[in-house]
Amino acid sequence: MKQNLDYKLIFSLATVGIIWGTTFLGIRVAVETIPPWFVTSIRQGLAGLIMMMILLFKKELKWIGWENLKHQLVPSILMIVVANGFTTVAEQTVPSGLASVISAMSPILIFLGSILFKLQKPSFKGFIGVIIGFSGVVFIFKDGLGSFLDADYRIGMMFMGFAITAWAAGTIYTKLHGNKSKNIVLNLFYQFTMASCIQIVLAFIFSPTIDVNLWSTKSILAALYLSIFGSVIAFFSYNYALKHVTPVQVSILSYINTVIAVFLGWLLLDEVITVDFIIATALIILGVFIVNYKKKEKKTV
């Protein structure tokens with residue numbers, strides 16, 4: 001039986017893995033001088049504007065109806081306002097590397113949630129793949145796991161806990177209801193716009209007095225990068241991938257994100273890549289392979 005490779009899917013998965021691997025560093029740079037909720041509101045507001053321009057160019061900007069708006073509001077709040085917003089807040093106190101470790105727990109939640117909502121059958125193979133992959137992430141940071149007990153990080157870690165739970169819930173909800181509207185760009189326009197409106201309100205509540213002059217060029221550029229690449233391109237790719245593969249298969253890329261975060265530390269901060277890193281990378285890739293590997297089956301029509 002002939003099976004054609006879906007190059008769009010491969011490109012989407014690669015985009016998610018690579019770009020979201022850089023966003024932990026981007027967030028860390030952005031919140032150096034810009035209050036976190038302003039970072040997120042700028043990020044999603046600009047992303048919504050870009051989506052609107054694309055829709056206007058394609059003559060596809062339209063009202064989606066109250067029912068579909070409800071379906072877009074849920075992932076908007078869970079994945080963008082809570083998951084993305086809380087991660088941004090957390091990185092004021094939590095190092096980007098530690099944040100990526102905590103985020104790497106999300107595939108376990110998504111795997112369990114997918115079984116709960118019957119998106120996939122319980123699989124010992126899948127569970128083993130998730131655990132092996134996560135063990136690789138922990139192995140990378142095993143020397144710094146004491147950070148989990150550091151009092152300075154506890155509030156940030158609590159925010160990260162809410163973030164990964166919300167991300168898992170939003171991913172499962174999107175998989176359950178994503179096929180009700182085929183236009184990903186239109187859906188994301190509404191998601192980004194609604195999220196930005198909520199986040200700008202939160203920005204003024206938590207940072208009522210702001211001085212834009214204190215915002216560094218580096219932080220502003222990081223926020224722009226997060227908007228164009230982290231939101232527009234990566235979220236589109238993530239939603240495209242969710243239409244074609246299981247939530248666990250997409251979420252497992254968070255392990256790749258962590259490897260990329262470490263690589264960027266080596267590239268930009270002259271951090272040393274050790275034998276431990278090589279072993280951890282092998283564990284992560286093995287975990288990804290186990291979760292995604294499927295035996296060739298005869299299709300029943």
Output yes when a side-chain donor or acceptor of [X] lies under 3.5 Å from a complementary backbone atom of [Y], and no otherwise.
{"X": "T93", "Y": "A90", "value": "yes"}
{"X": "T193", "Y": "Y190", "value": "no"}
{"X": "T33", "Y": "W215", "value": "no"}
{"X": "R43", "Y": "G230", "value": "yes"}
{"X": "S135", "Y": "I132", "value": "yes"}
{"X": "S41", "Y": "S196", "value": "no"}
{"X": "S12", "Y": "K8", "value": "yes"}

Nearest heavy-atom neighbours spanning [X] and [Y]:
{"X": "V29", "Y": "A222", "answer": "CG1-CB, 3.8 Å"}
{"X": "A30", "Y": "A223", "answer": "CB-N, 4.2 Å"}
{"X": "F38", "Y": "I200", "answer": "CE2-CD1, 4.0 Å"}
{"X": "G17", "Y": "I260", "answer": "O-CD1, 3.1 Å"}
{"X": "S114", "Y": "I172", "answer": "N-CD1, 3.8 Å"}
{"X": "I205", "Y": "P208", "answer": "O-CD, 3.7 Å"}

side-chain contact (heavy atoms from CB on, under 4.5 Å) between T88 and V31, intermediate numbers included: CA-CA 7 Å; T88 306; V31 297; 3.6 Å; yes
If you group Ile, Leu, Val, Met, Phe, Trp and Tyr by side-chain heavy-atom gaps below 4.5 Å, do [X] and [Y] land in one group?
{"X": "I54", "Y": "L56", "result": "yes"}
{"X": "V94", "Y": "F24", "result": "no"}
{"X": "M52", "Y": "L69", "result": "yes"}
{"X": "I128", "Y": "L286", "result": "yes"}
{"X": "V212", "Y": "I34", "result": "yes"}

Which residues pass the ring pair (Phe, Tyr, Trp, His ring centres under 6.0 Å) test with [X], not counting sequence neighbours?
{"X": "F117", "result": "none"}
{"X": "F235", "result": "W20, W167, F192"}
{"X": "F236", "result": "none"}
{"X": "F162", "result": "none"}

Just how far is it from atom [atom1] of [X] to atom [atom2] of [Y], taken to the nearest 0.5 Å?
{"X": "T165", "Y": "F86", "atom1": "OG1", "atom2": "CZ", "result": "11.0 Å"}
{"X": "K118", "Y": "L176", "atom1": "NZ", "atom2": "CG", "result": "11.5 Å"}
{"X": "L13", "Y": "I18", "atom1": "CG", "atom2": "CD1", "result": "11.0 Å"}
{"X": "E91", "Y": "E32", "atom1": "CD", "atom2": "CD", "result": "11.0 Å"}
{"X": "S237", "Y": "I184", "atom1": "OG", "atom2": "CD1", "result": "9.0 Å"}
{"X": "I233", "Y": "T15", "atom1": "CD1", "atom2": "OG1", "result": "7.5 Å"}

Working note: Q72 + N68, criterion side chain to side chain donor-acceptor pair (under 3.5 Å); need CA distance, chi angles, decisive distance, verdict. CA-CA 6 Å; Q72 302 315 315; N68 193 22; 2.9 Å; yes
Between T87 and M160, is any pair of side-chain heavy atoms under 4.5 Å apart? yes
Which residues pass the side chain to side chain contact (heavy atoms under 4.5 Å, CB included) test with V232, sequence neighbours left out? A47, I50, M51
With sequence neighbours left out, what residues match L55 under side chain to side chain contact (heavy atoms under 4.5 Å, CB included)? E60, L61, N183, V185, L186, F189
W66 CH2: over 12 foreign heavy atoms closer than 6.0 Å: no
I would like to know whether Q199 and N84 meet side chain to side chain donor-acceptor pair (under 3.5 Å); could you show each step before the answer? CA-CA 11 Å; Q199 288 169 333; N84 181 260; 4.6 Å; no
side-chain contact (heavy atoms from CB on, under 4.5 Å) partner of L226, the single match among T40, T23, L221: T23
Could you walk me through whether Y225 and T22 satisfy the side chain to side chain donor-acceptor pair (under 3.5 Å) test, starting with their C-alpha distance in whole Å, then the side-chain angles of each, then the deciding distance to 0.1 Å, before giving a yes or no? CA-CA 10 Å; Y225 173 82; T22 66; 2.6 Å; yes
